[in-house]
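Each chain gets a letter, A, B and so on, in the order its sequence line appears, and its residues count up from 1.
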Amino acid sequence: MVSKLDEDGYTPHISPTIYYDRTHDIEAAKILPGEYYVTQRDMVIVTVLGSCVSACIRDRKAGVGGMNHFMLPGDEAAEGVSQSARYGAFAMELLINKLIGLGAERPNLEAKVFGGGLVLRGFTTTTVGERNAEFVMRYLNTEGIRVLASDLLDIYPRKVYYFPKTGRVLLKKLRSVHNNTIVDREREYEHRLRVTRIEGDVELF
Amino acid sequence: MARKILAVDDSPSIRQMVAFTLKSEGHTVVEAADGAEGVAKARAEKFDLILTDQNMPKMDGFTLIKTLRALPEYHSTPILVLTTESSEAMKTQGRAVGATGWMVKPFNPTKLLEVIGKVFRE
């Protein structure tokens, strides 16, 4: 399968990484920055967040849930509808469309949100994590999607385990970044967003 | 020239951004949250252009287009699809059901306005 990422560099795509989590004795999907995953199965979705945010969303009646992992691109001078808001809405919509495609209904959606830590210090003037956290809360509010729990901001990277069948979340705040993997992956993602023109194709028939 | 536009999308965030963009150019915008509501509103008053999402609850964009194309008053009204779907297969299907154009999200506001201008040959 050709990943969307290879095509345009910014479109969040479905995580390809599935493994068996021995600790929780369950099938697991690991998602990286710019990825998302949706399932109807009894699984755990795992990610590690620095300044990025993850929305964990499910419809408990339909038995389908998923998680994304994204950050907003740095903005051009915000005039009218900003690029970051359009990109954020796009990243959220991909996840929500997939849930609806698997039988979820908008009024039933419930969310838990995490991330937005002050992890990437000194790499832009504004705090990237704060913008991401503010965006995801404002977006869910506009969409009328209930937020049942959140753990945002602060200075810690977070490891999130989301069990979409039950809605349960295990959250580990990582005291220190043992290696720079989290930071490196986020920087690489941030760079991709910065150098790519973030807009979809247009065709008149 | 200012037009009367129907914006159909199940996401309030997208509707807000689209409406803001169109109104800034002087267009009049009416919003609908799914295909069924879109069809109802289009029947109630005539629009110059319809902008619709594809994946929506109750009625999707393709069904909305097919339904409207069957009505004499919307036989040749421009209908643009604004969607996250970027595959050629979906685009081809959109064209087959009668869409006028296909725009993939995230949308660029300037480009959206340009496309509307082109549709009306302004």
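Within a 6.0 Å sphere centred on NZ of A:K30, other residues, nucleotides and ligands contribute 12 heavy atoms or fewer. For B:K46, the NZ atom sits in a packed shell: over 12 heavy atoms of surrounding residues, nucleotides or ligands are nearer than 6.0 Å. Applying the 6.0 Å contact sphere to NZ of B:K41 captures more than 12 heavy atoms from other residues, nucleotides or ligands. The 12-atom threshold is not exceeded at NE2 of A:H191, counting heavy atoms of other residues, nucleotides or ligands nearer than 6.0 Å. Atom NZ of B:K4 has more than 12 heavy atoms from other residues, nucleotides or ligands within 6.0 Å. Residue B:R43 places its CZ atom among 12 or fewer non-hydrogen atoms of other residues, nucleotides or ligands, all under 6.0 Å distant. A 6.0 Å sphere centred on CE of A:M137 holds no more than 12 heavy atoms belonging to other residues, nucleotides or ligands. The neighbour count for B:K91 NZ, taken as heavy atoms of other residues, nucleotides or ligands under 6.0 Å away, is above 12.
The distance from the CZ atom of B:R95 to the CG atom of A:L204 is 10.5 Å, given to the nearest 0.5 Å. With rounding to the nearest 0.5 Å, the separation of CG in B:D9 from CD in A:E93 is 5.5 Å. Between A:F205 atom CZ and B:T92 atom OG1 the span is 7.5 Å, to the nearest 0.5 Å. Atom CD in A:E203 sits 6.5 Å away from atom CD in B:E88 (nearest 0.5 Å).
Heavy atoms closer than 4.5 Å to chain A are found in both the backbone and the side chain of B:K105. Contacts between A:R138 and chain B at a heavy-atom distance below 4.5 Å are absent for every atom of the residue. The contact between B:S13 and chain A is made by backbone and side chain atoms together, counting heavy-atom distances below 4.5 Å. Contacts between B:L80 and chain A at a heavy-atom distance below 4.5 Å involve the side chain alone, from C-beta outward.
Per-residue heavy-atom pair counts under 4.5 Å with chain A were compared for B:Q16, B:R15, B:M17, and the maximum is reached by B:M17. Per-residue counts of heavy-atom pairs under 4.5 Å with chain B were compared for A:G101, A:G200, A:A91; the largest is that of A:G200. Among B:T21, B:N108, B:L112, B:D10, the residue with the largest count of heavy-atom pairs under 4.5 Å with chain A is B:D10. Ranked by heavy-atom pairs under 4.5 Å with chain B, the first of A:L94, A:T142, A:I96, A:I198 is A:T142. Residue with the most contacts toward chain A among B:N55, B:V115, B:T100: B:T100 (heavy-atom pairs, distance under 4.5 Å).
In plain terms, the two heavy atoms of B:P106 and A:R86 that are nearest each other are CB-O, 3.9 Å.
Judged purely by atom type and a 3.5 angstrom limit, A:E143 has no side-chain atom pairing as donor or acceptor with the backbone of B:S11.
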